[in-house]
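Everything on this sheet refers to the single structure shown next.
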Amino acid sequence: MSFAKPPAATPSAPSAAPSEFDLIRRHFSRPTRHTDLAGGDDAALLRARPGMQLAVSTDMLVAGTHFFADTDAEDLGWKTLAVNVSDLAAMGASPRWAFLALALPAADEAWIAAFARGLFACADAHGVDLAGGDTTRGPLTLSVTIIGELPHGAAITRAGGRAGDELWVSGQPGLAGLGLAALRGEARLAAAGRTACLAALQRPQPRVALGLALRGIASAMLDVSDGLLGDLGHLLECSATGAIIDVGALPLAPLLATGADEALARRCLLGGGDDYELLFAAPAARRAELQVLSAQLGLALHRIGELTAEPGALWLRERDGRLVRGTPAGYDHFG
């Protein structure tokens, strides 16, 4: 059954399990900001602003594949929406509407209430209306389709990079990978470092303000969800370029400060995934603007390399100047 047309509430025995529609009314129905008609009919009615283009993305999170089954429900609610908001940030779009599809093993109201709190905390932070969705019984699966707006022709795609453009990444990639390694018992981190890494993994912060500010500056962009080198490979393929990454320019020191050894920190930075930072290319002439933007947003922007004219060729320039072939392989659900 879907979020459409819930029947009128009827009295039930105190011990009766909540119905699908009871759960929707209690936990997922709330006033909307820019939606003409949300849940309660066969489809939602959305109102796009004149002159705007729609950007649409869908992401699915499956227990045991994308998160541990015992992950805190409120954190999971936040992350379920945040990873989708990040996709819109990577296009330079403003998030507006989300549709939530839930498969739940059971109608556990305490878990659902906590999940909804996290989801709506993220929605409130980014101005997103929950406009509808679907629920069913099944293995724990969380899927969001998100819709955003941006001016016609303003989208930043993966295909605009050119040889000579500089490569930048926001924030601190690698923290989430270290958090996952800690949960798996593969890393022993200092207490403060573990807290920071788990926060990055469980409560990613979509870089919406940065994505909007990069319209007209970045030539190509995507978010880092499957590992920096793996996602860079997608940008190189779409832009028909290669890249050289300067290892000495990578933000490795904050990862080492968590207590991780250098090999693990480097592996998480380059291939850990789940960071949801923005990786983008921009002409070298825009460097000063990006440095000003970094200060205005209070967000670190790291210049880590440049695009080259050799399509698909990815090299790492080590601190001693040696060029080592990189492997643009990220997470693959069927790999």
Side-chain angles (χ1 to χ4, degrees), residues 1-7 9 20-61 73-104 109 111-136 141-152 154-156 203-213 215 223 225 276 278:
M1 300 295 289
S2 71
F3 280 20
K5 294 184 178 176
E20 170 190 357
F21 303 108
D22 291 333
L23 295 175
I24 292 167
R25 275 192 294 268
R26 292 175 193 173
H27 303 293
F28 297 106
S29 297
R30 59 157 50 191
T32 55
R33 304 165 181 81
H34 29 252
T35 306
D36 290 335
L37 180 64
D41 218 303
D42 289 302
L45 298 177
L46 312 181
R47 186 175 61 255
R49 293 176 293 175
M52 302 297 276
Q53 193 171 26
L54 297 181
V56 185
S57 180
T58 299
D59 262 309
M60 184 183 298
L61 301 179
E74 191 166 339
D75 286 345
L76 193 55
W78 173 281
K79 187 170 184 176
T80 297
L81 184 58
V83 302
N84 287 268
V85 172
S86 180
D87 283 335
L88 296 187
M91 301 287 289
S94 298
R96 287 288 183 265
W97 304 277
F99 295 81
L100 172 67
L102 288 177
L104 300 169
E109 280 221 69
W111 189 96
I112 293 169
F115 176 87
R117 283 196 303 273
L119 181 92
F120 282 117
C122 187
D124 290 342
H126 297 287
V128 177
D129 283 352
L130 182 62
D134 191 32
T135 58
T136 189
T141 304
L142 318 164
S143 181
V144 168
T145 294
I146 195 162
I147 303 174
E149 291 182 317
L150 71 168
H152 278 281
I156 308 169
R203 292 261 181 163
Q205 302 299 315
R207 303 304 188 185
V208 175
L210 175 60
L212 297 178
R215 294 197 305 228
D223 68 339
S225 57
Y276 302 99
L278 295 184

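Positions are given from 1, in the same order as the sequence printed here. Heavy atoms only: backbone and side chains are in, while hydrogens, waters and symmetry mates are out.
Leu46 is listed as a side-chain neighbour of Ile147, based on a closest heavy-atom distance under 4.5 Å. Counting only heavy atoms from C-beta outward, the side chains of Ser94 and Leu212 approach each other to under 4.5 Å. Inter-residue side-chain proximity for Pro95 and Ile146 is flagged as met; some heavy-atom pair is nearer than 4.5 Å. In this structure, Phe99 and Leu130 have side chains that are not in contact, with every pair of non-hydrogen atoms separated by 4.5 Å or more.
Listed by chain and number, the residues in a side chain to side chain contact (heavy atoms under 4.5 Å, CB included) with Ala213 are Leu293 (sequence neighbours excluded). Residues forming a salt bridge (Lys or Arg N to Asp or Glu O under 4.0 Å) with Arg203 (at least two apart in sequence, or on another chain): Glu74, Asp75. Qualifying side chain to side chain donor-acceptor pair (under 3.5 Å) partners for Arg215, counting only residues two or more places apart in sequence or in other chains: none. Not counting sequence neighbours, the partners of Ser86 by the side chain to side chain donor-acceptor pair (under 3.5 Å) test are Asp223. Legend: residues meeting side chain to side chain contact (heavy atoms under 4.5 Å, CB included) with Val83, ordered by chain and number and at least two apart, are Asp59, Lys79, Tyr276.
Minimum heavy-atom separation, Arg207 to Leu278: O-CD1, 3.7 Å. Nearest heavy atoms, Thr80 versus Leu76: OG1-O, 2.7 Å. Counting all heavy atoms, side chain and backbone alike, Trp78 lies closest to Pro204 at NE1-O, 2.9 Å. Of all heavy-atom pairs spanning Thr141 and Met60, the tightest one is CG2-CG, 3.7 Å. Counting all heavy atoms, side chain and backbone alike, Val128 lies closest to Ala98 at CG1-CB, 3.7 Å.
To the nearest 0.5 angstrom, Leu150 atom CG is 10.5 Å from Arg96 atom CZ. For the atom pair Leu142 CG and Leu81 CG, the distance stands at 11.5 Å (nearest 0.5 Å).
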| message | side chain to side chain contact (heavy atoms under 4.5 Å, CB included), that's the test. Do His126 and Val85 meet it? Break it down for me. | response | CA-CA 8 Å; His126 297 287; Val85 172; 4.1 Å; yes
| Please walk me through it: do Leu104 and Thr135 pass side chain to side chain contact (heavy atoms under 4.5 Å, CB included)? | CA-CA 8 Å; Leu104 300 169; Thr135 58; 5.6 Å; no
Tell me which donor-acceptor pairs under 3.5 Å the side chains of residues 51-58 have, and how far apart each pair is, sequence neighbours excluded?
residue, atom, partner, partner atom, Å
Ser57, OG, Asp87, OD2, 2.9
Thr58, OG1, Thr145, OG1, 2.8

